[in-house]
J.: 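I am attaching a structure below and will ask some questions about it afterwards.
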Amino acid sequence: MTLPEVQNAIHEKKICILIPTYNNEKTLKRVIDGVLDYTENIIAVNDGSTDSTVSLLAQYPQITVISLPENKGKGNGLKIGFRKAKDLGYHYAITIDSDGQHYPDDIPVFVEALLQEKHDVLLIGNRNMSQDGIPKKSSFGNRFSNFWFWFETGIKLEDTQSGYRLYPLLKIPKKYFTPKFEFEIEIIVRTAWKHVPVKNVPIKVLYDPAERVSHFRPFKDFTRISILNTILVTITLLYIIPRNFVNNFKKKSFKRFIKEDVLESDGSNRTKAFSIALGVFIGFSPFWGFHTVLVISLAVLFKLNKVLAFVASNVSLPPLIPFVIAASLFLGSPFVQGDSNILGSELNFELIKNNLLQYVIGSAILATSMSAICGITTFLFLNKLNPENE
């Protein structure tokens, strides 16, 4: 794209450039000057800087400056910047760090990528972390973040930690729970949960130890990020995956569900059969309250089909629980001395408590046998409908 085309697109798409800054006096001017080559739609958020940032920003009357009285973290600065951008009528915000690692001349990369999309999208700059000069701790942290982002959203990216991003302001969440570096993880995960595509675009990056000032605190911030990912994974397992499955199932006929989510889903027939078998095994096992967490975790661990495993684990839905308990007690009775007429009693928690060993043994037998039957049946059924060359 030519410079006039980029400038015109920035105007038509209502894009602003958001620059959060904290004590980056060495590089801030270079960043602002570079952005001004493309647009004056700039919002700079001074997050309580104690260096010459205030006087430096005063040299740019054409841009919007927000000065916070004290430093409260990058996430807090971004949230305030997003609110201001929406108040000013912008629909998109490109965030660029003020420490000099990002090149303003990559702005056209985001603009062009946005123009190619039919719907709103969240774009993250891909810094190519394998290139020379990238600190090893940064490369490791990025791989760590990429894995958990994939686990929490199902989206595979090469770079999830870059601060060079384009946000669709009308589609991102309105409320947030984190104020510092972990905010940039929270916002992309929760935006993806709203079914907004999240994609990488290629950008350049500069790591200059002589100029770059990083405010990332390895122990404190990594701990905060780990806690956030623990919470996001829990929400993913207990709410997001079941919600998505129910929503997809509601939108499709049973025939279409079988065709698209079973026959045409990822994995071989054997993988699908094992996924069903795993789900059935967990569903019949006595892990009440933990079925979803267990089945999704094991499906990920063994690289099975998470959707099929989750569906199969629902063999123990509430209306079926009394039958599952009764079958478990019946199957366990030959292995435990006691009342052989136990099924003549009322099925309740007290009955299970008083005959716990019998129930556990029976559950293991029921889970194993039904898992094997369902797995084999599924494999034969799928092979008949869609034979594979083994």
Side-chain angles (χ1 to χ4, degrees), residues 18 20 73-79 81-82 92-97 99 101-103 106 109-110 113-114 117 120-131 133-169 171-173 176-207 212 214-218 220-237 240-241 244 300 306:
L18 177 57
K74 184 179 182 181
N76 182 66
L78 287 173
K79 284 185 282 187
F82 290 149
Y92 301 92
I94 297 178
T95 60
I96 180 171
D97 291 345
D99 60 4
Q101 71 163 298
H102 300 148
Y103 289 82
D106 275 329
V109 174
F110 289 92
L114 177 63
E117 296 289 334
D120 278 331
V121 64
L122 194 161
L123 302 173
I124 302 176
N126 177 13
R127 298 165 292 175
N128 185 12
M129 302 299 286
S130 62
Q131 64 182 294
I134 303 293
K136 290 184 178 180
K137 62 179 181 180
S138 296
S139 181
F140 168 79
N142 190 55
R143 291 196 302 271
F144 177 86
S145 179
N146 293 348
F147 170 79
W148 287 116
F149 178 75
W150 165 77
F151 188 98
E152 292 151 5
T153 66
I155 301 172
K156 289 187 177 181
L157 296 179
E158 295 182 8
D159 192 346
T160 53
Q161 288 196 315
S162 172
Y164 210 170
R165 304 177 176 188
L166 181 144
Y167 290 98
L169 296 174
K171 294 296 181 70
I172 59 178
Y176 304 94
F177 304 97
T178 54
K180 298 186 182 297
F181 284 100
E182 70 275 14
F183 170 84
E184 292 183 298
I185 295 174
E186 179 193 350
I187 190 171
I188 61 173
V189 171
R190 293 182 57 208
T191 300
W193 284 350
K194 296 179 69 175
H195 306 294
V196 175
V198 181
K199 300 180 180 181
N200 277 142
V201 292
I203 62 169
K204 303 181 292 295
V205 65
L206 171 66
Y207 279 88
R212 186 169 181 262
S214 174
H215 303 290
F216 185 84
R217 302 161 301 176
K220 287 186 178 181
D221 289 318
F222 188 78
T223 299
R224 295 174 70 97
I225 290 172
S226 298
I227 293 173
L228 172 64
N229 276 317
T230 300
I231 295 172
L232 293 176
V233 165
T234 302
I235 296 173
T236 298
L237 296 175
I240 298 299
I241 291 178
N244 291 346
V300 170
K306 298 188 291 295

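Since the model is a prediction, treat every value here as computed from it, not as a measurement.
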J.: Measuring from atom NZ of Lys194 to atom CG of Asp120, what distance do you get when rounded to the nearest 0.5 angstrom?
T.: 10.5 Å

J.: Just so I know, are the side chains of Val196 and Pro168 near enough to count as touching, which here means a heavy-atom distance under 4.5 Å?
T.: yes

J.: So do Leu228 and Phe177 actually touch side chain to side chain, heavy atoms under 4.5 Å?
T.: no

J.: How about Ile225 and Trp148: do any of their side-chain heavy atoms sit closer than 4.5 Å?
T.: no

J.: So, are Glu117 and Lys199 salt-bridged, with charged N and O less than 4.0 Å apart?
T.: yes

J.: Kindly say whether Gln161 contributes a backbone atom to a donor-acceptor pair with the side chain of Ser145 at under 3.5 angstrom?
T.: no

J.: Any side-chain to backbone donor/acceptor pair from Asn146 onto Lys156? Under 3.5 Å, distance only.
T.: no

J.: Between Asp97 and Asp99, is there a donor-acceptor pair closer than 3.5 Å when you use the side chain of the first and the backbone of the second?
T.: no

J.: Does a side-chain heavy-atom distance below 4.5 Å link Asn126 with Ser162?
T.: no

J.: Could you measure the distance from the NZ atom of Lys306 to the OG1 atom of Thr236? Nearest 0.5 Å is fine.
T.: 10.5 Å

J.: Find out whether the Lys NZ or Arg CZ of Lys204 is both under 6.0 angstrom from the six-membered ring centre of Tyr103 and within 45° of the ring's axis.
T.: yes

J.: If every non-hydrogen atom of Arg224 is compared with every non-hydrogen atom of Pro179, which pair is closest and at what distance?
T.: NH2-CD, 3.3 Å

J.: For the backbone of Asp159 and the side chain of Asn200, can you confirm whether one donor and one acceptor N or O come within less than 3.5 Å of each other?
T.: yes

J.: Given His195 and Asn244, is the side-chain contact (heavy atoms from CB on, under 4.5 Å) satisfied, shown in steps?
T.: CA-CA 10 Å; His195 306 294; Asn244 291 346; 3.6 Å; yes

J.: Would you say the ring centroid of Tyr164 lies under 6.0 angstrom from that of Phe110?
T.: yes

J.: Quick one: pull up OG1 in Thr95 and CG in Leu166 and give me the separation to the nearest 0.5 Å.
T.: 8.5 Å

J.: Look at the side chain of Gln101 and the backbone N and O of Leu206, then say whether any donor-acceptor pair between them is shorter than 3.5 Å.
T.: no

J.: Considering all heavy atoms of both residues, which atom of Pro197 and which atom of Val121 are nearest to each other, and what is their separation?
T.: O-CG2, 3.3 Å

J.: Return the minimal non-hydrogen interatomic distance between Ile188 and Val198, and the atom names on each side.
T.: O-CG2, 4.1 Å

J.: Would you compute the distance between atom CD1 of Ile94 and atom CG of Leu123 and round it to the nearest 0.5 angstrom?
T.: 8.5 Å

J.: If I compare all heavy atoms of Gly81 with all of Leu18, which pair ends up nearest, and what's the gap?
T.: CA-CD1, 3.8 Å

J.: Is any side-chain heavy atom of Thr230 closer than 4.5 Å to a side-chain heavy atom of Val233?
T.: no

J.: Under 6.0 Å between the ring centres of Tyr167 and Tyr92?
T.: no

J.: Examine distances only and state if a side-chain atom of Lys180 and a backbone atom of Lys74 form a donor-acceptor pair shorter than 3.5 Å.
T.: no

J.: Quick one: are Val201 and Ile124 in side-chain contact, heavy atoms under 4.5 Å?
T.: no

J.: Taking all non-hydrogen atoms of both residues, which atom of Val109 and which atom of Pro202 are closest, and how far apart?
T.: CG1-O, 3.5 Å

J.: Using modelled atom types and a 3.5 Å cut-off, is there a donor and acceptor pairing between side-chain atoms of Arg165 and backbone atoms of Glu184?
T.: yes

J.: Give, for atom OG1 of Thr223 and atom CD of Glu182, the distance between the pair rounded to the nearest 0.5 Å.
T.: 10.5 Å

J.: Say you draw a straight line from CZ of Phe149 to OG1 of Thr160; how long is it, rounded to the nearest 0.5 Å?
T.: 7.5 Å

J.: Would you check if Asn76 and Tyr176 make a side-chain contact, meaning some heavy-atom pair closer than 4.5 Å?
T.: no

J.: Closer than 3.5 angstrom, by distance alone: can the side chain of His102 be matched with the main-chain N or O of Ile96 as a donor-acceptor pair?
T.: no

J.: Going by distance alone, is a donor N or O of one side chain under 3.5 Å from an acceptor N or O of the other, for Glu186 and Thr178?
T.: yes

J.: Hey, does Asn229 have a side-chain heavy atom less than 4.5 Å from the side chain of Phe151?
T.: no

